[in-house]
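Each residue takes its place number in the sequence, starting with 1.
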Amino acid sequence: MEKTGARRWWALGALSVALLAVGLDLTVLNIALPTLAVDLHASTGTLQWFADAYTLVLAATLLPAGVLGDRYGRRRMLLFALALFGAASAVCAWAPSAGALIAARAVLGLAAAFLLPLSMSVLPVMFTEAERPRAIGIWATANMIGIPIGPIVGGLLLEHYWWGSVFLINIPMAAIGILAVATLVPESRSSTRQPLDLPGTLTSGIALLGVTYGVIRAGEHGWGEAGTLISLLIGVVFAAIFVVTQRRSAHPLVDLALFRSKGFTWGTVLATVVSFAMFGMLFALPQYFQSVNGASTLITGLRLLPMIGGMLIGVRIADRVVRRAGDKVVVAIGFGLMAAGLALGTATTTATGYGLTATWLALMGAGLGFAMPTAMNAAMSPLSAERGGVGSALLMALRQVGGAIGVAVLGAVLGAVYRGGLELTGLSTAIAAPVRDSVNTGVASAEKLGSARLLDTVRVAFTHGMDAMLWVSAGLAALGVLIAVLFLPASSATMKALDGPPAAQPESTARPTEPEHEPRGVPR
């Protein structure tokens, strides 16, 4: 039993390494964009597609990926995804053109769409209910920590190697994941082979694609732009069609009865709120460090370390507190810490020292460590092993959309306050237009003109915009406290008693198909 227990945790550790690569891939590319623009002759629009190709394919294919894992075996699909992730990373590294890189990034997004939900859906199979909060804490930390580490790793690699090196780091991580999954993770799948819901797969993919692309486009062109509105409308219409078809389908892609469970519904809502606030903050802060403080890309990444430290400490403390106080209390504390950190961040000025920034980042990180893993465990607890893949995929899809909306909405707040705070009297339209466009082009224009006054107004305006954005995020985190207190069940252990038996759980349970690897706690 001891050996089996150790094998489970080693398997989780290896999966976490692979997840770290997925998180890194969301941000590591940002550091290489200036180099890619020159080497691949990429326009601004093309640079945007380097990032968006990954995000859009990931969002659109999460749900069918989860279903395929439930149907054909989660370990089998994880091995496929890890191999695909490694191969696509190699193609990205040696892409000869911008088009080839965009295509390879799309394949990376497809691989990530399998990795994220299926690596989470095997946790209920591998760990007992008492062990699962700790396991999900490790999983969530690996998933989150790669995002702020991306700029650090990217900065270090680009100082010594060519731009393709930022993708090559994925290959050994994928290899470690393949070895661990093949030898340590038991196979599990749904015991009933339901027909694949093709209408549900199609409508959900179009809905997620439409909403995600619309939100991304809104960040570039504004919410009133025709392309933005059309994309969002398509997403909303197909989401409505998806809900209708799921209610009428004999074998739905997603059993909507899952949302009768308070644990799943409010755990998912709270995990999405965390993504909204975190991605919005990570969008603004690197620009503040680089354009306002003049830090390099490497220093920018290093200045995010207090958030990582706070996150690791928060996860460790939350793992102990949740056993005594329950999910509701821990998640509320987490959102309270996030709100306090974000509110403290609103005191930032152009003259603020790094000490204040490090303090509020550490508070924010600790709040993330408390709130995110516990909220995700609350969402996962009502799921049977039978439908763990699609349930995890639904949670991941909503988090993905929440993160994209967070960047767009909070970016719009920042942009509106920034443009409103600029003093551009006496400047020609040719000079004023790029200054209004972004703080990066504003600083570049001011330095090109040698105008200290313009440089000062650009930096002050951006800082005010970031402060306004942080106030919105702090308010959202405070709302998270309220939601947790009012709606989240006290603890995952009592969730079934509070919610009643969720209709989404079939009577049969998924079981590993390879008993020799079976960990304790697997339902039989």
Side-chain angles (χ1 to χ4, degrees), residues 30 44 48 214-225 228 273 275-295 300 303-304 307 338-354 356-357 359-361 363-364 402-427 429 431-447 451-480:
N30 295 340
T44 301
Q48 186 67 39
V215 168
I216 290 171
R217 191 174 178 89
E220 301 173 50
H221 304 285
W223 292 94
E225 192 259 345
T228 299
V273 170
S275 295
F276 186 108
M278 179 177 69
F279 278 92
M281 185 270 294
L282 287 174
F283 168 76
L285 203 56
Q287 296 183 74
Y288 169 77
F289 287 144
Q290 293 182 50
S291 297
V292 177
N293 291 342
T300 294
R303 286 185 177 181
L304 293 172
M307 187 176 77
M338 287 172 61
L342 291 163
L344 183 61
T346 63
T348 302
T349 69
T350 54
T352 298
Y354 178 63
L356 175 68
T357 306
T359 301
W360 74 260
L361 276 176
L363 275 174
M364 173 77 178
I405 292 174
V407 171
V409 171
L410 295 176
V413 171
L414 187 155
V417 176
Y418 166 71
R419 287 187 291 272
L422 292 171
E423 178 53 58
L424 303 177
T425 305
L427 294 179
T429 304
I431 295 174
V435 173
R436 289 193 185 96
D437 187 43
S438 73
V439 65
N440 304 301
T441 53
V443 168
S445 298
E447 291 176 343
S451 173
R453 185 187 68 82
L454 180 59
L455 184 61
D456 183 62
T457 191
V458 166
R459 287 175 170 170
V460 169
F462 179 83
T463 303
H464 288 165
M466 188 179 76
D467 291 344
M469 186 210 73
L470 291 176
W471 273 123
V472 174
S473 296
L476 196 64
L479 179 63

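Taking both residues in full, the closest heavy atoms of M338 and A277 are given as CE-CB, 4.2 Å, listed atom of the first, atom of the second, then distance. Listed here is the closest heavy atom pair of R436 and R419: O-CG, 3.5 Å. In terms of heavy atoms, A478 sits closest to A339 at N-CB, 4.0 Å. Here the shortest heavy-atom pairing between W223 and V409 reads CZ2-CG2, 3.8 Å. Taking each heavy atom of A461 and L422 in turn, the nearest pair found is CB-CD2, 3.8 Å. Of all heavy-atom pairs between T425 and R453, the closest is O-NH2, 3.9 Å.
Looking at heavy atoms from C-beta onward, T352 lies in side-chain contact with Y288 at the 4.5 angstrom threshold. The shortest distance between side-chain heavy atoms of H464 and Y418 does not fall below 4.5 Å. Looking at F289 and L304, their side chains come closer than 4.5 Å, going by heavy atoms from C-beta outward. The side-chain heavy atoms of L285 and L361, taken from C-beta on, include a pair separated by under 4.5 Å.
For the pair R459 (side chain) and S291 (backbone), a donor-acceptor distance under 3.5 Å is present. Looking at T457, its side chain never comes within 3.5 Å of a backbone N or O of L454 through a donor-acceptor pair. In this structure, T463 contributes its side chain and T349 its backbone to no donor-acceptor pair below 3.5 Å. A distance-only check finds a donor-acceptor pair linking the side chain of T346 to the backbone of A343 [under 3.5 Å]. One N or O on the side chain of Y354 and one on the backbone of R303 form a donor-acceptor pair closer than 3.5 Å.
In this view, E447 satisfies the salt bridge (Lys or Arg N to Asp or Glu O under 4.0 Å) rule with no residue, not counting sequence neighbours.
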Which pairs of donor and acceptor atoms, one on a side chain in residues 466-473, lie under 3.5 Å apart (sequence neighbours left out)?
residue, atom, partner, partner atom, Å
S473, OG, M469, O, 3.2

Going through the checks in order, is the side chain to side chain contact (heavy atoms under 4.5 Å, CB included) test met by L363 and L342? CA-CA 8 Å; L363 275 174; L342 291 163; over 6 Å; no

